[in-house]
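Structure first, then comments.
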Amino acid sequence: MRDIDITTLRLFVAVCELRSMSRVSEDANMVPSAISKRLAALEEALGVPLLIRRRRGVEPTAAGETLLEHARAILAGADQIHRDMSAYAAGVKGLIKVLASSSAMAESLADDIAGFLHIPAHHDIRVSLEEAVSEKVVQGVRAGVASLGICWDAADFQGLEHVPYRHDHLAVLVPEGHPLAGRKTVAFEEVLDYEQVSLPPTTAVVSYMRRQAALLGRTFSHRVTVSNFDSALRVVQARLGVSIAPREVLAARHSASGIVAVDLSDSWAKRRFAVCFQSRASLTPAARLLMEYLGSDPVRGLTPGAAPGAGPTGKQSR
């Protein structure tokens, strides 16, 4: 089968929706016979009838309904390509694809990107933001799926360049009135005495805590497993357990009342995030602007050109 052209697909969708070639011909500024000829050629190319032609109009066959679904998806993709390329043609910076870890997403990344996009010079830049564990973030940047990746700097950045981003501090989140609620800090070993509300065990931060517990001759057991930090906060509010999470996650959620964050005193609880990318030369002007904004903004307590902070040993982080 030869490639189907976009114009024919648009005509086919329009005819199916309006149930009339004459009405479509008026909108498309084409004679009905020309539309009919195109659709007949489409049927011949596919080898199946697509339309039932009646005296009062047309309607799709079962095969036509299936093609209609595919055609709409193809046209939506074509329209997106047109919008993206139009932005470049107009001299706009373009689209930046970003992969980010759950912690980065749950803390300040959305606000930072919003601040970047609100700068007048960045008015027409667009950002596509997707969540993934750090290992997938790094893999996606290496494969060119995303221009920028943001994750814990304990990830394996081999072959990539990276600059420092924000930092956070892991804490144990407990309900008010809990025995630990009055403490300023607590050692991870003490937290193991309580049942945990945990992210999935395959995530890196949980895997790391399991290893730390094993080194202490203890077990990191969890009573409830949740998929994200918001769910963890709700379970802690229900007093079903305590949860180890960045204290910044709690600070960013005004609705998380009745929960106290007690900092972990262990050195590995202080984490630094990084923005990774293939190379500065490979970045588009828009992506380079965002990388520099996220990686060296003194307002957020970062020093331009500073080296990433040392994180705990590990290849994947949440």
Side-chain angles (χ1 to χ4, degrees), residues 100-110 131-137 150-155 166-273 311-318:
S101 67
S102 298
S103 293
M105 293 276 281
E107 296 176 30
S108 304
L109 181 58
E131 181 178 321
V133 295
S134 291
E135 182 180 28
K136 298 299 182 182
V137 168
I150 301 167
C151 59
W152 195 7
D153 71 356
R166 287 182 177 268
H167 60 272
D168 69 6
H169 196 127
L170 292 176
V172 56
L173 307 184
V174 301
E176 291 180 348
H178 189 276
L180 296 178
R183 302 273 295 274
K184 290 185 177 180
T185 63
V186 61
F188 174 65
E189 184 173 8
E190 294 180 71
V191 180
L192 295 175
D193 294 334
Y194 302 93
E195 292 185 307
Q196 304 288 320
V197 179
S198 173
L199 293 177
T202 54
T203 60
V205 69
V206 175
S207 297
Y208 185 80
M209 288 189 290
R210 285 177 176 274
R211 292 197 298 271
Q212 290 298 313
L215 291 174
L216 296 169
R218 302 287 299 278
T219 300
F220 180 77
S221 60
H222 52 276
R223 184 179 188 184
V224 180
T225 300
V226 296
S227 61
N228 55 61
F229 291 120
D230 288 315
S231 297
L233 292 175
R234 289 195 291 272
V235 176
V236 172
Q237 284 176 318
R239 298 180 175 272
L240 294 178
V242 303
S243 181
I244 294 177
R247 67 159 33 252
E248 290 76 8
V249 168
L250 181 63
R253 285 155 176 77
H254 302 295
S255 62
S257 60
I259 297 178
V260 178
V262 183
D263 287 341
L264 289 181
S265 57
D266 305 79
S267 60
W268 52 264
K270 296 179 180 180
R271 306 189 302 173
R272 168 75 76 177
F273 293 89
T313 303
K315 300 303 182 185
Q316 178 187 0
S317 52
R318 184 71 171 174

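Quick note: numbers below take in every heavy atom, side chains included, and nothing from hydrogens, waters or symmetry partners.
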Tightest non-hydrogen contact, residues Pro175 and Gly241, listed as CD-O, 4.4 Å
Checklist line | Derivation of the side chain to side chain contact (heavy atoms under 4.5 Å, CB included) call for Ile259 and Gln237 | finding: CA-CA 6 Å; Ile259 297 178; Gln237 284 176 318; 3.4 Å; yes
(request) I would like to know whether Arg247 and Asp168 meet salt bridge (charged side-chain N to carboxylate O under 4.0 Å, His left out); could you show each step before the answer? (result) CA-CA 7 Å; Arg247 67 159 33 252; Asp168 69 6; over 6 Å; no
| Donor-acceptor contact present, side-chain Thr225 to main-chain Pro200, <3.5 Å | no
>> Using side-chain heavy atoms (C-beta onward) and a distance below 4.5 Å, is Val186 in contact with Leu264?
In response: yes
One should read off an interatomic distance between Arg218 CZ and Phe188 CZ, to the nearest 0.5 angstrom, of 9.0 Å
Taken to the nearest 0.5 Å, the spacing of Glu131 CD from Asn228 CG works out to 8.0 Å
Rounding to 0.5 Å, atoms CD (Gln196) and OG1 (Thr219) come to a distance of 12.0 Å
Please check: side-chain N/O of Arg239 versus main-chain N/O of Val174, any donor-acceptor pairing under 3.5 Å?
no
In this structure, CG of Leu170 is separated from CH2 of Trp268 (nearest 0.5 Å) by 6.0 Å
Shortest non-hydrogen pair, Ala261 vs Leu250, comes out as CB-CD2, 3.7 Å
**Asked** Can you check whether Val242 reaches Leu173 side chain to side chain, under 4.5 Å on heavy atoms?
**Response** no
- Query: Is it the case that Ser103 and Arg271 place a side-chain donor and acceptor less than 3.5 Å from each other?
  - Reply: yes
So CE of Met105 and SG of Cys151: to nearest 0.5 Å the spacing works out to 13.0 Å
Check against side chain to side chain contact (heavy atoms under 4.5 Å, CB included), Arg211 and Phe220
CA-CA 9 Å; Arg211 292 197 298 271; Phe220 180 77; over 6 Å; no
Side-chain heavy-atom pair Ser101, Phe273 within 4.5 angstrom cut-off: yes
Nearest heavy-atom approach of Val236 to Ser243 is CG2-CB, 3.8 Å
Going by heavy atoms in the side chains, are Ser108 and Arg166 under 4.5 Å from each other? yes
| Would a 4.5 Å heavy-atom cut-off, applied to side chains only, mark Ile150 and Val137 as touching? | no
Checking His222 side chain against Val224 main chain: does a donor-acceptor pair fall under 3.5 Å? no
Output for pair (Ser265 OG, Lys184 NZ), nearest 0.5 Å, gives 14.0 Å
